[in-house]
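What follows is a short report on a single structure.
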Amino acid sequence: MTTLATTTDRILSGDRPTGPLHLGHYFGTLQNRVRLQNEGVDLFLVIPDYQVLTDRDVAERLTENVEDVVLDYLGAGVDPTRSTIFTHSAIPALNQLLLPFLSLVSVAELSRNPTVKDEIAHSRQAAVSGLMYTYPAHQAADILFCKANLVPVGKDQVPHLELTRTIARRFNERYGPVFPEPRTLLSEAPLLLGTDGTKMSKSRSNSIALKASSDETARLIRGAKTDAIRTISYDPERRPEVSNLVLLAALCQGRDPHEVASELGDGGSAALKATVTEAVNTCFAPLRARRAEYAEDMAYVRKLIAEGNERAKAIAETTLDEVREAMGTFRRPRLATPAGIQAALS
């Protein structure tokens with residue numbers, strides 16, 4: 001494992017398009033991705049639209065949700081000239097890697113993966129589909145198609161990356177060296193709770209979207225759960241809801257949460273929520289302005305997505321050719337030229 005990235009690294013990360021990204025996404029991953037991009041790391045951002053179907057019967061408003069995520073990326077500072085943004089469904093060669101990858105893992109290995117267990121536990125379906133169990137192998141294809149060698153994850157996601165490493169190693173041992181075994185870039189990002197005191201999630205309606213207006217932000221924070229103690233303190237174990245709001249203000253202001261709590265003193269929940277509202281709206285005003293500017297020209301945004309898809313598609317086809325050669329299967333034929341066609345017909 002590693003916590004360092006260099007300009008020779010290629011990083012793969014992404015977000016499922018199930019709705020607009022929220023503050024938890026920003027402080028958890030998005031802010032760090034932009035930092036890595038600006039340091040010169042080769043950043044690939046996948047929007048895994050196919051994977052929406054792993055825990056849903058249908059993929060509702062999928063195109064709109066994809067565009068929402070891209071707008072959030074652009075607003076946060078992702079530069080499409082330095083990073084590659086692409087959609088899962090637009091890269092056929094990537095998805096063809098799923099079949100050989102599934103042959104390298106057992107059903108038991110897939111079913112005991114913590115990511116799969118968690119997704120099944122929180123699934124909104126009466127019965128999960130077979131696609132759910134392929135989820136780890138599909139994510140391995142996302143990572144390995146572009147030969148990413150570094151993947152930012154939280155501690156709870158480390159077992160998933162271990163399965164990706166296992167697939168890469170087994171493929172290389174069985175067929176020959178094609179894939180790197182990606183390393184882990186452990187995230188030290190704090191866990192933000194939702195406004196109801198549980199895990200912040202788009203599906204639980206307890207999050208503050210990056211694109212939220214200042215008024216909407218104020219309304220959501222006013223309704224956030226706190227406690228009856230007037231003195232504000234930062235004590236995540238004993239006072240998780242209050243501490244979560246203190247932490248949010250501290251993250252937005254670039255300060256220590258204990259310092260924020262000390263300044264609020266006996267101000268109570270009203271003063272805490274007023275401080276958090278001002279901190280969030282001030283911190284995210286530039287992001288929201290950039291996002292709104294991009295949203296005025298969706299033709300340009302769609303062009304950026306198409307260009308990212310083309311770059312990812314070319315890389316995936318090259319990797320699939322290497323896989324076919326290593327496995328001894330039929331390789332993608334070269335495109336015929338007019339001269340070649342004439343020669344074949346004569």
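Numbers here simply count residues along the sequence, with the first being 1.
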Please evaluate residues D72 and H25 with respect to the criterion side-chain hydrogen bond (donor to acceptor under 3.5 Å, both in side chains), reporting the C-alpha separation (whole Å), side-chain torsions for both, the decisive distance (0.1 Å), and the verdict. CA-CA 10 Å; D72 286 334; H25 291 116; over 6 Å; no
Is there a side-chain hydrogen bond (donor to acceptor under 3.5 Å, both in side chains) between D215 and S213 once you walk through the steps? CA-CA 5 Å; D215 288 344; S213 68; 5.5 Å; no
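Taken together through direct or relayed side-chain contacts under 4.5 Å among Ile, Leu, Val, Met, Phe, Trp and Tyr, L99 and V107 form parts of separate hydrophobic clusters.
Among all heavy-atom pairs drawn from D196 and K225, the shortest one is O-CD, 3.6 Å. The two residues A76 and L287 come nearest to each other via the heavy atoms CA-CD1, 3.6 Å.
Judged as a ring-ring contact (aromatic ring centres under 6.0 Å, His included), and not counting sequence neighbours, the contacts of Y175 are F171.
Checking D266 against T231 by side-chain atom types alone, a donor-acceptor pair falls below 3.5 Å. In this model, no donor atom of one side chain and acceptor atom of the other lie less than 3.5 Å apart for N65 and T18. For D49 and S89, the side-chain atoms include at least one donor-acceptor pair closer than 3.5 Å. With hydrogens and angles left out, the side-chain atoms of T84 and R311 include a donor and acceptor closer than 3.5 Å.
Within the structure, salt bridge (charged side-chain N to carboxylate O under 4.0 Å, His left out) pairs that include any residue of residues 22-37 comprise D15-R33, R35-E39 (at least two apart or interchain). Applying the side-chain hydrogen bond (donor to acceptor under 3.5 Å, both in side chains) rule to pairs touching residues 239-253 yields D227-R239, S233-R239, Q253-R255, sequence neighbours excluded.
A donor-acceptor pair under 3.5 Å links the side-chain atoms of N309 to the main chain of T87, judged by distance alone. Looking at N95, its side chain does come within 3.5 Å of a backbone N or O of H88 through a donor-acceptor pair. The main-chain N or O of L104 is found under 3.5 Å from a side-chain atom of R170 such that the two form a donor-acceptor pair. Panel note: side chain E109, backbone S106; a donor-acceptor pair is recorded below 3.5 Å. No side-chain donor-acceptor contact under 3.5 Å links N32 to the backbone of G28.
Rounding to the nearest 0.5 Å places CZ of R288 at 14.5 Å from CG of L71.
Here the side chains of L110 and L163 are in contact, with some heavy-atom distance below 4.5 Å. Contact annotation: the side chain of R291 approaches that of D68 to within less than 4.5 Å [non-hydrogen atoms, C-beta and beyond]. Between L192 and L247 the shortest side-chain heavy-atom distance falls below 4.5 Å. No side-chain heavy atom of T164 sits under 4.5 Å from any side-chain heavy atom of P136.
Note: F101 and F179 have perpendicular aromatic rings, judged against thresholds of 30 and 60 degrees for the angle between ring planes.
Between F145 and F86, a ring centre-to-centre spacing shorter than 6.0 Å is recorded.
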